[in-house]
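We count ligands from 1, going down the list as the structure has it; atoms in each ligand are counted the same way. Heavy-atom basis, side chains included; hydrogens, waters and symmetry copies ignored.
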Amino acid sequence: MINLTQRPRRNRKNQAIRNLVKENDVMVSDLIFPLFLIDGKNKKTQINSMPNIFRLSKDLMLKEIETCLKLGITTFDIFPSLNDKLKDKKATESLNKKGLYLSTLKEIKKQFPEAVIMTDVAMDPYSSDGHDGFVKNSEIMNDETLEILAKMAVAQAESGADIIGPSDMMDGRVGVIRNALDKYGYSNVSIMSYTAKYASAFYGPFREALQSAPKFGDKKTYQMNPANSQEALIEADLDVIEGADFLMVKPALSYLDIIKLLKENFSLPIAAYNVSGEYSMVKAAAAKGWIDGDKIRDEILLSIKRAGASVILTYFAKEFALSKK
Ligand code: PBG
């Protein structure tokens, strides 16, 4: 027998002891479930690249939210998938109170006042250019976009949003949105800023879901370069100064270092968006029988938590919650 004073395996010798020394755990209450909304009644359409995730019409979305609330999911991030006919250069439909998105938010809040509703602020679901900002001569115009985003945020708050999620990556948007919300009496509405949102190929399946891919070019003049981490600190500094309540990193898995970096440098809660492509990869490999999808899901969520995210936006939310029942 070798004389070893420290034998770390002692703390792993059975499940009870492993539980005692466990440093991190994922709870259903940490998760935000993104949901895709479409027009119509009793409609549920498949997103090819995202097995088990559907675009839902208002009535089915209300049912889905009811089911999820019972499973302990408290917070929902709603994205509209709009007909191309409703899209224009200025994302006008985003302000239409009678339109699909805002009227549905209102209905959700009315039926489930206890549900926390998060909304996305960016022009892409409503833009005929498929960009997050206003396009002029093939350029994404920062300051013109801010005016539109501020109006969009106020309209969403008016319709019952609890958390506004600016995902557009324009400079100054958090401050402009904070001012607009306060001016119109929504000082209680929070901002979860997409602080470090990278120009990532992992968003592919989401763009299929919303049919919102850019009509030209890419998003590299506003979303961050995956090569950079220092730049995330600049974005986070600005978001704190401008009044964000949460700092989000997106995507999550290839960016665990960024989650950790923000966690170590900022006191605001850190959120991470476990994005569509990250979900699709797991589902595809699991369908082939190459990996154990459930175990990989749990390990992925845990790794995001361990890196420092207290909030995780994930398409796995419902199946994770079901697995805990
Ligand atoms: C839109 C937006 C995107 C996502 C969330 N909000 C896509 C993009 O920026 O092109 C991606 C979410 C995902 O992939 O799950 N601004």
Side-chain angles (χ1 to χ4, degrees), residues 31-37 47-55 76-82 87 91 93-94 101 118-135 140 142 145-146 148-149 152-153 156 161 163-170 173-174 177 191-226 235 246 248-255 271-284 297 300-301 304 309 311-318:
L31 307 181
I32 298 180
F33 195 20
L35 294 171
F36 299 116
L37 176 68
I47 301 154
N48 289 332
S49 51
M50 301 180 76
N52 246 338
I53 299 290
F54 300 90
R55 303 178 195 87
F76 303 89
D77 191 4
I78 321 274
F79 295 93
S81 172
L82 295 183
K87 302 183 183 180
E93 180 62 18
S94 66
Y101 191 57
M118 174 166 169
T119 53
D120 204 66
V121 169
M123 289 174 63
D124 53 335
Y126 320 93
S127 152
S128 45
D129 293 304
H131 274 285
D132 294 18
F134 175 63
V135 179
I140 317 301
N142 196 83
T145 301
L146 295 182
I148 298 170
L149 299 179
M152 203 186 285
Q156 293 172 354
I163 303 177
I164 303 287
S167 70
D168 54 285
M169 291 302 279
M170 297 300 123
R173 86 264 212 224
V174 171
I177 290 171
I191 298 178
M192 182 182 292
S193 176
Y194 285 64
T195 298
K197 178 173 180 182
Y198 287 86
S200 170
F202 283 102
Y203 308 148
F206 174 96
R207 292 178 191 168
E208 183 205 326
L210 296 196
Q211 282 133 9
S212 64
K215 296 285 174 351
F216 69 90
D218 52 40
K219 299 193 175 184
K220 290 181 186 167
T221 69
Y222 43 108
Q223 299 180 349
M224 284 176 55
N225 185 343
E235 289 286 359
F246 299 81
M248 190 209 292
V249 175
K250 177 184 178 187
L253 266 194
S254 293
Y255 299 85
Y273 201 138
N274 176 214
V275 298
S276 56
E278 298 173 323
Y279 174 85
S280 302
M281 288 195 304
V282 175
K283 288 293 174 194
R297 170 198 69 216
I300 284 175
L301 295 177
I304 296 170
V311 179
I312 307 173
L313 296 97
T314 180
Y315 302 96
F316 289 119
K318 187 180 180 188

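Applying the ring pair (Phe, Tyr, Trp, His ring centres under 6.0 Å) rule to Tyr255 yields the partners Tyr198; only residues at least two apart in sequence or on another chain are considered. The side-chain hydrogen bond (donor to acceptor under 3.5 Å, both in side chains) test applied to Glu208 returns Ser49, not counting sequence neighbours. Looking at residues two or more places apart in sequence or on another chain, you find no side-chain hydrogen bond (donor to acceptor under 3.5 Å, both in side chains) involving Ser280.
Ring geometry for Phe36 versus Tyr315: interplanar angle under 30°, hence parallel rather than tilted (30 to 60°). In this pair, Tyr279 and Phe316 present their aromatic rings tilted. The plane angle is within the 30 to 60° band.
Salt bridge Arg207/Asp124: absent, no basic N to carboxylate O contact under 4.0 Å.
The residues lining ligand 1, counting any heavy atom closer than 4.0 Å, are Phe79, Asp120, Ala122, Asp124, Asp132, Ser167, Lys197, Phe202, Tyr203, Phe206, Arg207, Lys219, Gln223, Lys250, Tyr273, Val275, Ser276, Tyr315.
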